[in-house]
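One structure is given below, encoded as structure tokens.
The chains referred to below are lettered A, B, ... by the order of the sequence lines, with proteins before strands, and numbering in each begins at 1.
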Number of protein chains: 2
Amino acid sequence: MDQNETITPYQFLTEAEAVDARQSIPAEREVMALSEFLKIFGDATRVRILGALRDKELCVGDIAALLDMTPSAISHQLKMLKSAKLVKYRREGKTLFYALADEHVHSIMEIGLEHVRE
Amino acid sequence: MDQNETITPYQFLTEAEAVDARQSIPAEREVMALSEFLKIFGDATRVRILGALRDKELCVGDIAALLDMTPSAISHQLKMLKSAKLVKYRREGKTLFYALADEHVHSIMEIGLEHVRE
DNA sequence: TTTATATTTGAACAGTTGTTCATCTGTTTG
DNA sequence: CAAACAGATGAACAACTGTTCAAATATAAA
């Protein structure tokens, strides 16, 4: 039998390297949460909404007018943005004002823009 | 006629504010490129692949073995990762070794993980 | 209370996505 | 050359996504 021959499911990785590679993959719970979170940025309408909210909180109707879409469509998207904690909101009478939730959103948009501009 | 009354499609925004808000939305070309780019991160399999490639280049077969998936499924995903420039590759004989393309990928994964861990 | 306004919600539908399976291309070895 | 292997590709199908439309809430004003 060959000196270094061991049966593994891998073509090039040793078992030790496979252990390392596996450890650099985030835990299953994190993989799911991360992909769900980043998925939110993967839609043109949501990117536009996030862009519009960059400097100023806005109500649903005004976002709809800015993007030339129906309040219903915007509301559906805000629901996703809200549940993924990309935006927060406050009520004033009949009106709900939405704003970016935190700096992570800004950072990801900025890095993403850098990438696509290169 | 009221002093400050002007007909606008907006509920709260003045025309000047609407101009500002519209300017903070990236240009249409960038919105599309950015959402297409970030969409790539929005899938658990692709997040796992990117995780596995964090420290070390890997061939298709070994990625498939690590994730317990078929080489075909991995190849389809690598095609997307490649065309969005998240990974690069080099050939060695029959084997193709894939690696992360640049630091943007790392950054977005890190910021995303920070976000979902909070 | 009735009416109007701002937003949300749920069902429905077309369009998109990820995996499988069979097949094909490219490379090395005999 | 043919056989074997690594990976890519295209069609197909179920599962998912975003928008529309109609209807429901919630708040404010009459």
Check: protein-nucleotides 20-24 of chain C nitrogen or oxygen pairs below 3.5 Å:
{"residue": "C:dT20", "atom": "O4", "partner": "B:His76", "partner atom": "NE2", "Å": "3.2"}
{"residue": "C:dC21", "atom": "N4", "partner": "B:Ser72", "partner atom": "OG", "Å": "2.8"}

Could you write nucleotides 23-30 of chain D as a row of B, S and -, 5' to 3', where a protein heavy atom under 4.0 Å of any base atom gives B, of only sugar-phosphate atoms gives S, and otherwise -? ----BS--
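Under 4.0 angstrom from either OP1 or OP2 of D:dC5 there lies no side-chain N or O belonging to A:Gln11.
Every pair tested for ring pair (Phe, Tyr, Trp, His ring centres under 6.0 Å) that includes a residue from residues 50-73 of chain A fails, sequence neighbours excluded, so the list is empty. Listed by first and then second residue, the ring pair (Phe, Tyr, Trp, His ring centres under 6.0 Å) pairs involving residues 73-95 of chain A are A:Tyr89-A:Tyr98 (not counting sequence neighbours).
Contacts of A:Phe97 with the nucleic acid, taken as non-hydrogen atoms under 4.0 Å apart, are absent. Among the heavy atoms of the strands, none lies under 4.0 Å from A:Tyr89.
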For residues 108-118 of chain A, tabulate all N or O donor-acceptor pairs below 3.5 Å that involve a side-chain atom, not counting sequence neighbours.
{"residue": "A:Glu114", "atom": "OE1", "partner": "B:His104", "partner atom": "NE2", "Å": "3.2"}
{"residue": "A:His115", "atom": "ND1", "partner": "B:Asp102", "partner atom": "OD2", "Å": "3.4"}
{"residue": "A:His115", "atom": "ND1", "partner": "B:His104", "partner atom": "ND1", "Å": "3.0"}
{"residue": "A:His115", "atom": "NE2", "partner": "B:Ala84", "partner atom": "O", "Å": "3.4"}
{"residue": "A:Arg117", "atom": "NE", "partner": "B:Glu30", "partner atom": "OE2", "Å": "2.8"}
{"residue": "A:Arg117", "atom": "NH2", "partner": "B:Glu30", "partner atom": "OE1", "Å": "3.0"}
{"residue": "A:Arg117", "atom": "NH2", "partner": "B:Glu30", "partner atom": "OE2", "Å": "3.3"}

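Distance, B:Gln77 CD to D:dA8 P: 12 Å, rounded to whole Å. Atom C1' of nucleotide C:dA11 and atom NZ of A:Lys79 are separated by 13 Å, given to the nearest angstrom.
A heavy-atom distance below 4.0 Å to DNA chain D is reached by these residues of residues 35-65 of chain B, ordered by number: B:Cys59, B:Val60, B:Gly61.
Out of D:dT19, D:dG7, C:dA6, the shortest distance to the side chain of B:Ser75 is found at D:dG7.
Position along DNA chain D of the nearest nucleotide to B:Lys82 versus A:Met80 favours B:Lys82 as the more 5'-ward residue.
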